[in-house]
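Taking it in order: structure first as structure tokens, then the write-up.
What you see is a predicted model, and the numbers here were worked out from it, not measured in a lab. First listed ligand is number 1; within each ligand, the first listed atom is number 1.
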Amino acid sequence: MRVFVTGATGFVGSAVVQELIQAGHQVLGLSRSDAGAQALTAAGAQVHRGDLEDLDSLRSGAAQADGVIHCAFNHDFSNFVAICETDRRAIEALGSALTGSNHPLVITSGTGMGNTVPGQPASEDNFNPNHPNPRKASELAGVAVAERGGNVSVVRLPQVHDPAKQGLITYAIAIAREKGVSAYVGDGLNRFPAVHRLAAASVYRLALEKAAPGARYHAVAEEGVSVKEIAEAIGSGLKMPVVSISPEEANAHFGWLGMFMGYDMPASSALTQQRLGWRPSGPLLLADLDDHFKA
Ligand SMILES: NC(=O)c1ccc[n+]([C@@H]2O[C@H](COP(=O)([O-])OP(=O)(O)OC[C@H]3O[C@@H](n4cnc5c(N)ncnc54)[C@H](OP(=O)(O)O)[C@@H]3O)[C@@H](O)[C@H]2O)c1
């Protein structure tokens, strides 16, 4: 297939590009910069210049492809509601270019969207349209495209890691460096699910190839690593004290990250493994964190 990949220069999207090319697909990757265009060419992809805010550029990229994988996202978390709305508009624009063709559109969400029962792992088949996290806008946009006849599936990600980056934990490391302590909230037994970056990329490829309308997949290798263990790994890596802070202190300590650090968000990939034949692989989160601090 010829696949239009947005976010093709990003942490997850660049692994998706590699995975697609290795599997024999052609990639048309979105880039908003010369540096990104050069990286895509070096990776063996063709380049489509554009921007998430330029909806015509998204529509024209999608119209040139047999399928789309949407990984772009502007991670300005200080403006989270607005950037989630940007994602909604981007998904609707990509979908509008594909409607009527049955070409698959694979969009990105977070596993937290499937946490509908407190304490229970998120399941692929659960989605709370009234979720307090504004990122629900991405999945709601997917639903809107599907209602207009688009073939949309969703890949939900947990903390995606390699030795360089580990999702929200990368921001927690920066805050620990700034504050001189590695903190967790309360007893720290709340859990973050995780997956290695390359394993996540294979879920996107399989989802694209399966092209099952309305499917939701979880690229999850580890159902839940406690935030206390994560904070301890950061404390050990940075050689600094590990402390518990109260939920009331979380926003002052972590800033925008405070809304995530106390969440218990375990997630299952049982249905994904069954439906895609995917098996998690690669190093575990704490091993990659260990390697991060050794580097
Ligand atoms: N990484 C994780 O642990 C994790 C966890 C849950 C969900 N997710 C989701 O997974 C997706 C991929 O995340 P990631 O970690 O790969 O993010 P990332 O490394 O920050 O990459 C973001 C990508 O989006 C592109 N982008 C940002 N703003 C853009 C704009 N205005 N126009 C065009 N392109 C733009 C970036 O292009 P440039 O190269 O030009 O900056 C880059 O290719 C996102 O939806 C993210 O929210 C990630």
**Item:** Remaining members of the apolar cluster that contains Met113, side-chain heavy atoms under 4.5 Å
**Value:** Phe127, Leu140
**Request:** Record the part of His161 in heavy-atom contact with ligand 1 below 4.0 Å; permitted values are side chain, backbone, both and neither.
**Result:** neither
**Item:** Minimum non-hydrogen distance to atom 27 (C) of ligand 1, winning option of Phe192, Phe73, Phe77
**Value:** Phe73
**Request:** Check Glu53 against ligand 1 and report side chain, backbone, both or neither, counting heavy atoms closer than 4.0 Å.
**Result:** neither
**Asked** How far is atom 37 (O) of ligand 1 from its nearest protein heavy atom, and which residue and atom is that?
**Response** Thr9 OG1, 3.3 Å
**Request:** Considering heavy atoms of the protein only, find what lies nearest to atom 41 (O) of ligand 1 and give residue, atom and distance to 0.1 Å.
**Result:** Arg32 NH2, 2.8 Å
**Asked** Just going by heavy-atom distances, which of Ala194, Pro158, Gly167 is nearest to atom 4 (C) of ligand 1?
**Response** Pro158
**Request:** Can you pull out the closest protein heavy atom to atom 19 (O) of ligand 1? Residue, atom name and distance to 0.1 Å, please.
**Result:** Phe11 N, 2.9 Å
**Request:** Indicate whether the side chain of Glu249 and that of Ser246 have a donor and an acceptor atom separated by less than 3.5 Å.
**Result:** yes
**Message:** Testing the 3.5 Å rule here: is there a donor-acceptor pair between the side chains of Gln46 and Arg2?
**Reply:** yes
**Request:** Kindly confirm or rule out an N or O of Gly50 lying under 3.5 angstrom from an N or O of ligand 1.
**Result:** no
**Request:** Run the numbers for me: atoms of ligand 1, each under 4.0 Å from some heavy atom of Arg135, listed by number.
**Result:** 45 (O), 46 (C), 47 (O)
**Prompt:** Which atoms from ligand 1 have a heavy atom of Gly10 less than 4.0 Å away?
**Reply:** 16 (O), 19 (O), 21 (O), 42 (C), 43 (O)
**Request:** Identify the protein heavy atom lying closest to atom 3 (O) of ligand 1, giving its residue, its atom name and the separation to 0.1 Å.
**Result:** Val160 N, 2.9 Å
**Pairing residues for Ser78 by the side-chain hydrogen bond (donor to acceptor under 3.5 Å, both in side chains) criterion, not counting sequence neighbours** = Asp76
**Fill in**
re atom 31 (N) of ligand 1, the protein heavy-atom contact at minimum distance is Asp51 OD1, 3.1 Å
**Message:** Please determine whether side chain to side chain contact (heavy atoms under 4.5 Å, CB included) holds for the pair Ser31 and Gln38, giving the CA-CA distance in whole Å, both sets of side-chain angles, and the decisive distance to 0.1 Å.
**Reply:** CA-CA 9 Å; Ser31 177; Gln38 279 166 17; over 6 Å; no
**Message:** Do Tyr204 and Thr108 pair up side chain to side chain, a donor and an acceptor below 3.5 Å, judged on atom types alone?
**Reply:** yes
**Request:** Salt-bridge test for Arg205 and Glu209: reply yes if a basic N is under 4.0 Å from a carboxylate O, no otherwise.
**Result:** yes
**Item:** Closest to atom 7 (C) of ligand 1 among Ile107, Leu157, Thr170 (heavy-atom distance)
**Value:** Leu157
**Protein heavy atom at shortest distance from atom 9 (C) of ligand 1** = Thr108 CG2, 3.6 Å
**Glu92/Arg148 salt bridge by N-O under 4.0 Å criterion** = yes
**Fill in**
For Cys71, the ligand 1 atoms with a heavy-atom partner under 4.0 Å come out as 11 (C), 12 (C), 44 (C), 45 (O)
**Message:** Checking a contact table here: which protein heavy atom is nearest atom 32 (N) of ligand 1, and how many Å away?
**Reply:** Leu52 N, 2.8 Å
**Prompt:** For the residue pair Trp256 and Phe77, does the interplanar ring angle fall in the parallel (under 30°), tilted (30 to 60°) or perpendicular (over 60°) class?
**Reply:** parallel
**Message:** As a quick check of understanding, evaluate side-chain hydrogen bond (donor to acceptor under 3.5 Å, both in side chains) for Glu139 and His131, giving each step before the final call.
**Reply:** CA-CA 11 Å; Glu139 292 202 27; His131 201 288; over 6 Å; no
**Message:** I need the atoms of ligand 1 closer than 4.0 Å to a non-hydrogen atom of Lys165, numbered in the order shown.
**Reply:** 19 (O)
**Face-on cation placement of Arg135 at Phe73 ring, 6.0 Å and 45° thresholds** = yes
**Message:** Counting non-hydrogen protein atoms only, what is the nearest one to atom 13 (O) of ligand 1? Give residue, atom name and distance.
**Reply:** His75 CE1, 3.6 Å
